[in-house]
Amino acid sequence: MDIKARQADGFVRKVPPNVTAVLLYGADAGLVSERAERIARAWAADPKVPGEILRLSDTDLQEAPDRLAVELRNLSMFGDRKIVRLMLQSAARPELVTELIEGPPLAGLLVVEAGNLRADSKLRKVFAGAGHAAAVACYPDDEDAIGQLIRDVLGAHKLGIGKEARTYLIGRLGADRALSRAEIEKLALYCLDRPEVTVGDIDAVTGDASELAVDRILKAAFAGKPGPALRELERAIASGESPQTVLLFIERHILRLMHLRTAIDGGRTPDEAVRALRPPPHFSEQAALAQQGRTWTTGRLQTALRQTSEAIRTARLRPRLEPELVDQLVARLALGP
């Protein structure tokens, strides 16, 4: 099945039951990741045949070329199934995936996350042509899609937003779905227990004082300087910054770096990739972002995003641990792998 960008949201909401493998590709790395997460979670929660989600990369396949077949050809002895999320940083050896898709339908389920593939890509052709698979295009959101995302996220928090504020917020968001969602989630957290988001709320959440304080933490942490990063964190918390907000800023920054890294891996120089970011970074941030793009590989960023997501989930379940969780996360990021 060949799923065009305009059809993608509908497909992700209800993946046909005969589909056992999905390729998500496109220029928007955040959107690819978000849709992969939704599909994998929906499959895992299926009451008829529950599943266990396993994360793999193309490096894993290089080390064990038959790994996918081992995981996906047979049900486990307990009757559940494996759901593999495969991150492809390179399409240099597509046969490691395509040979599996060209065979019979899988016993498990496969979600492949890829970058911006050409129309003649073998991966795209094989997934689009197989009856039990689908290739799904993921491209940056237009204004209507961002508006719908705002309604979805705020609606989940039972928050309204007027036309003027919605237009203002759309102008503040970029084309990357995951970055936009992180910004709206941060806004929703700020406006909890209020009926409606206002322009003032939007300005407050992205206000200079708060953002500059957290930016100093991020700059030190992602430059590999644990001492300065932890001192800036202590200063921000002491001045009233919420640990949960710091965690959300960290998540947003990692997603931004993943978008940057995708552009670099696609052939752009770090400086070119930084200039292409939307919304564009302030000129004072550009050199640091370019350096982080050189230093932070896709694998490191995936690990950092997983650690950050776990910290955010734990903080929401156990708020008393927020200060300890953010402190540990900042130290871990600054110390590196």
Side-chain angles (χ1 to χ4, degrees), residues 1-3 7-26 29-115 117 121-138 178 258 298-299 302-303 305-306 309-310 313:
M1 300 172 65
D2 187 15
I3 308 298
Q7 304 168 315
D9 278 329
F11 175 86
V12 172
R13 278 195 296 271
K14 191 173 183 180
V15 177
N18 65 302
V19 171
T20 57
V22 177
L23 167 68
L24 297 151
Y25 68 91
L31 184 54
V32 167
S33 178
E34 178 181 299
R35 285 174 171 164
E37 177 79 7
R38 288 177 61 188
I39 291 172
R41 284 186 176 277
W43 275 342
D46 186 344
K48 296 178 183 176
V49 190
E52 173 193 356
I53 299 174
L54 176 67
R55 299 294 297 267
L56 296 176
S57 69
D58 47 7
T59 302
D60 296 313
L61 299 193
Q62 298 284 358
E63 295 172 354
D66 62 344
R67 180 73 183 273
L68 284 181
V70 171
E71 299 291 354
L72 297 173
R73 280 293 178 213
N74 302 293
L75 288 173
S76 77
M77 62 184 295
F78 301 106
D80 58 359
R81 57 188 173 179
K82 285 289 179 64
I83 299 163
V84 175
R85 281 185 66 180
L86 174 63
M87 170 68 76
L88 288 183
Q89 300 176 36
S90 167
R93 294 189 61 191
E95 70 276 4
L96 295 177
V97 179
T98 57
E99 288 176 359
L100 190 73
I101 304 305
E102 290 170 328
L106 306 175
L109 302 164
L110 175 64
V111 187
V112 178
E113 303 170 51
L117 302 176
S121 158
K122 185 175 182 180
L123 273 174
R124 281 182 60 175
K125 286 184 175 180
V126 169
F127 274 80
H132 60 279
V136 182
C138 302
M258 291 181 77
T298 301
Q302 289 172 348
T303 299
L305 183 60
R306 183 170 63 252
S309 297
E310 290 170 356
R313 282 195 296 271

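Keep in mind it's a predicted model, so treat the numbers as computed, not measured. All heavy atoms count here, side chains included; hydrogens, waters and symmetry mates do not.
Using a 4.5 Å heavy-atom threshold, the side chains of Met258 and Ser33 count as separate. Side chains of Val136 and Ile39 form no contact here, defined as non-hydrogen atoms less than 4.5 Å apart. Counting heavy atoms from C-beta outward, Leu56 and Leu68 have side chains that approach closer than 4.5 Å. Side-chain contact between Arg67 and Val84: absent, with no pair of heavy atoms (C-beta onward) separated by less than 4.5 Å. Within the 4.5 Å cutoff, no side-chain heavy atoms of Leu117 are placed close to those of Phe127.
Contact detail for Ala21 and Ile101: the closest heavy-atom pair is CB-CD1, 3.5 Å. The two residues Ala135 and Ala128 come nearest to each other via the heavy atoms CB-N, 4.0 Å. Closest approach of Ala137 to Arg35, counting heavy atoms only: O-NH1, 3.5 Å.
Between Leu23 and the options Thr98, Val126, Leu123, a side chain to side chain contact (heavy atoms under 4.5 Å, CB included) holds for only Leu123.
The side chain to side chain donor-acceptor pair (under 3.5 Å) analysis of residues 124-136, with sequence neighbours excluded, yields the pairs Tyr25-Arg124.
Between atom CD1 of residue Ile3 and atom CG of residue Leu24 there is a gap of 10.5 Å, rounded to the nearest 0.5 Å. Rounded to the nearest 0.5 Å, atoms NZ (Lys14) and CG (Asp9) are 16.0 Å apart. Rounding to the nearest 0.5 angstrom, the gap separating the CG atom in Leu54 from the CD1 atom in Ile83 is 10.0 Å. Note that the NZ atom of Lys82 and the CG atom of Leu110 stand 13.0 Å from one another [nearest 0.5 Å]. The distance from atom CZ of Arg81 to atom CD of Glu71, rounded to the nearest 0.5 Å, is 15.0 Å.
The salt bridge (charged side-chain N to carboxylate O under 4.0 Å, His left out) search around Asp2 returns Lys4, not counting sequence neighbours. In terms of the side-chain contact (heavy atoms from CB on, under 4.5 Å) criterion, residue partners of Glu99 (sequence neighbours excluded) are, by chain and number, Glu95.
The pair Glu37-Arg85 counts as a salt bridge, with a side-chain nitrogen and a carboxylate oxygen less than 4.0 angstrom apart.
Checking side-chain atoms of Asp60 against main-chain N and O of Ser57 turns up a donor-acceptor pair under 3.5 Å.
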